[in-house]
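Just so it is clear, the model here is predicted, and its values are computed rather than measured. Numbered from 1 within each chain, the chains take letters A, B, ... in sequence-line order. Hydrogens, waters and symmetry mates are skipped; everything else that's a heavy atom, side chains included, is used.
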Amino acid sequence: NAGVTQTPKFRVLKTGQSMTLLCAQDMNHEYMYWYRQDPGMGLRLIHYSVGEGTTAKGEVPDGYNVSRLKKQNFLLGLESAAPSQTSVYFCASSDGGTQYFGPGTRLLVL
Amino acid sequence: GNSVTQMEGPVTLSEEAFLTINCTYTATGYPSLFWYVQYPGEGLQLLLKATKADDKGSNKGFEATYRKETTSFHLEKGSVQVSDSAVYFCALTLTGGGNKLTFGTGTQLKVEL
């Protein structure tokens with residue numbers, strides 16, 4: 001099993017550009033999450049989903065949108081990237097217990 | 001609200017030294033507690049967990065005991081190895097509401113020969 005995968009691994013954007021980060025899990029988990037990791041701040045929850053077709057805001061949702069059209073996929077969108085969104089983004093999934101994390105996407109916004 | 005406080009790093013130890021990384025929490029209710037480890041360039045992996053007071057989680061020589069009276073979940077290992085060098089995150093979750101994790105800021109551990 002691949003577990004949780006993330007696409008792309010690394011991306012450079014210019015301010016104002018848009019992009020979508022893809023997270024996929026093959027564990028049939030109901031719950032999926034998007035976090036960002038910044039130095040000295042640990043991981044902060046952006047958005048999450050408790051099932052297909054549902055999404056909810058986390059701690060730092062501004063500037064991001066998400067969609068969960070299929071159970072196995074959770075997409076994170078940046079409509080108009082800003083330098084403050086330079087970060088490492090992690091996706092996770094769970095069955096309500098332990099969360100399993102993907103390898104991360106490093107995003108640089110110039 | 002819920003929060004997790006970890007000791008600041010980096011922590012630098014010699015191989016075979018004893019490790020303690022302190023973690024305390026504040027939560028409304030009775031959380032489950034976790035330690036995750038992040039090796040360089042990788043995502044987070046679950047190291048151990050405890051779901052109720054006085055439970056001890058253990059894995060790969062690491063241990064942590066859920067202490068409700070002191071709201072703590074300190075990570076310990078009797079003899080660290082160079083391969084243990086990583087960033088360690090303490091986290092909590094409360095049942096329901098999406099089972100969201102609240103993380104501490106992480107503690108970097110460097111183990112030298």
Side-chain angles (χ1 to χ4, degrees), chain A residues 2-10 21 23-25 27 29-61 66 68 74 87-106, chain B residues 1-10 21-27 30-52 55 57-59 64 73 75 86-108:
Chain A
V4 180
T5 58
Q6 293 183 231
T7 309
K9 288 185 171 57
F10 176 69
L21 283 66
C23 175
Q25 53 97 3
M27 296 174 281
H29 286 166
E30 290 292 337
Y31 299 83
M32 296 188 74
Y33 310 83
W34 275 106
Y35 296 89
R36 59 178 289 172
Q37 182 180 27
D38 301 294
M41 302 189 74
L43 277 78
R44 294 180 293 169
L45 183 64
I46 304 171
H47 286 282
Y48 65 101
S49 168
V50 299
E52 181 179 321
T54 75
T55 62
K57 293 180 180 180
E59 182 185 353
V60 288
V66 288
R68 183 101 181 266
F74 195 29
S87 188
V88 181
Y89 292 85
F90 288 100
C91 176
S93 72
S94 85
D95 57 0
T98 301
Q99 289 189 22
Y100 296 87
F101 284 79
T105 294
R106 188 172 297 274
Chain B
N2 303 322
S3 66
V4 176
T5 302
Q6 288 181 239
M7 60 188 291
E8 289 193 16
I21 301 179
N22 290 339
C23 171
T24 58
Y25 67 89
T26 302
Y30 300 97
S32 294
L33 301 173
F34 303 81
W35 277 101
Y36 279 84
V37 58
Q38 183 180 32
Y39 298 103
E42 299 184 9
L44 278 71
Q45 303 173 24
L46 177 68
L47 181 60
L48 54 83
K49 67 179 182 181
T51 58
K52 61 183 188 294
D55 269 2
S58 61
N59 186 26
F73 193 54
L75 183 68
V87 181
Y88 292 82
F89 291 93
C90 185
L92 68 82
T93 189
L94 288 162
T95 303
N99 285 27
K100 303 183 292 292
L101 279 170
T102 299
F103 284 92
T105 54
T107 302
Q108 184 176 12

Contacts under 3.5 angstrom, residues 97-104 of chain B side chains, donor-acceptor by atom type, not counting sequence neighbours:
unit_1, atom_1, unit_2, atom_2, d
B:Asn99, OD1, B:Gly96, N, 2.9
B:Asn99, ND2, A:Gly96, O, 2.1
B:Lys100, NZ, B:Gly97, O, 2.5

Strictly less than 4.5 Å between heavy atoms, which residues of residues 44-53 of chain A line up against chain B? Please order them by number.
A:Leu45, A:Tyr48, A:Val50

Given heavy-atom pairs under 4.5 angstrom as the criterion, report whether the side chain, backbone, both or neither of B:Glu8 touches chain A.
neither

Might you point out which heavy atoms bring A:Phe90 and B:Gln38 nearest each other, and give the distance in Å?
CZ-NE2, 3.3 Å

Interface check, chain B: of A:Ala92, A:Gly104, A:Pro103, most non-hydrogen pairs under 4.5 Å belong to A:Pro103

With a 6.0 Å cut-off (strictly less than), is the heavy-atom count around OH of B:Tyr30, excluding the residue itself, greater than 12?
no

May I ask you to list the residues in residues 29-38 of chain A that approach chain B closer than 4.5 angstrom, counting heavy atoms only, ordered by number?
A:Tyr31, A:Tyr33, A:Tyr35, A:Gln37

Considering only distance and modelled atom types, tabulate donor-acceptor pairs under 3.5 Å from the side chains of residues 42-51 of chain B, sequence neighbours left out.
unit_1, atom_1, unit_2, atom_2, d
B:Glu42, OE1, B:Gln45, NE2, 3.3
B:Lys49, NZ, A:Thr98, OG1, 3.1

Based on non-hydrogen pairs under 4.5 Å, which of A:Ser94, A:Gly42, A:Ala56, A:Gly58 is most in contact with chain B?
A:Gly42

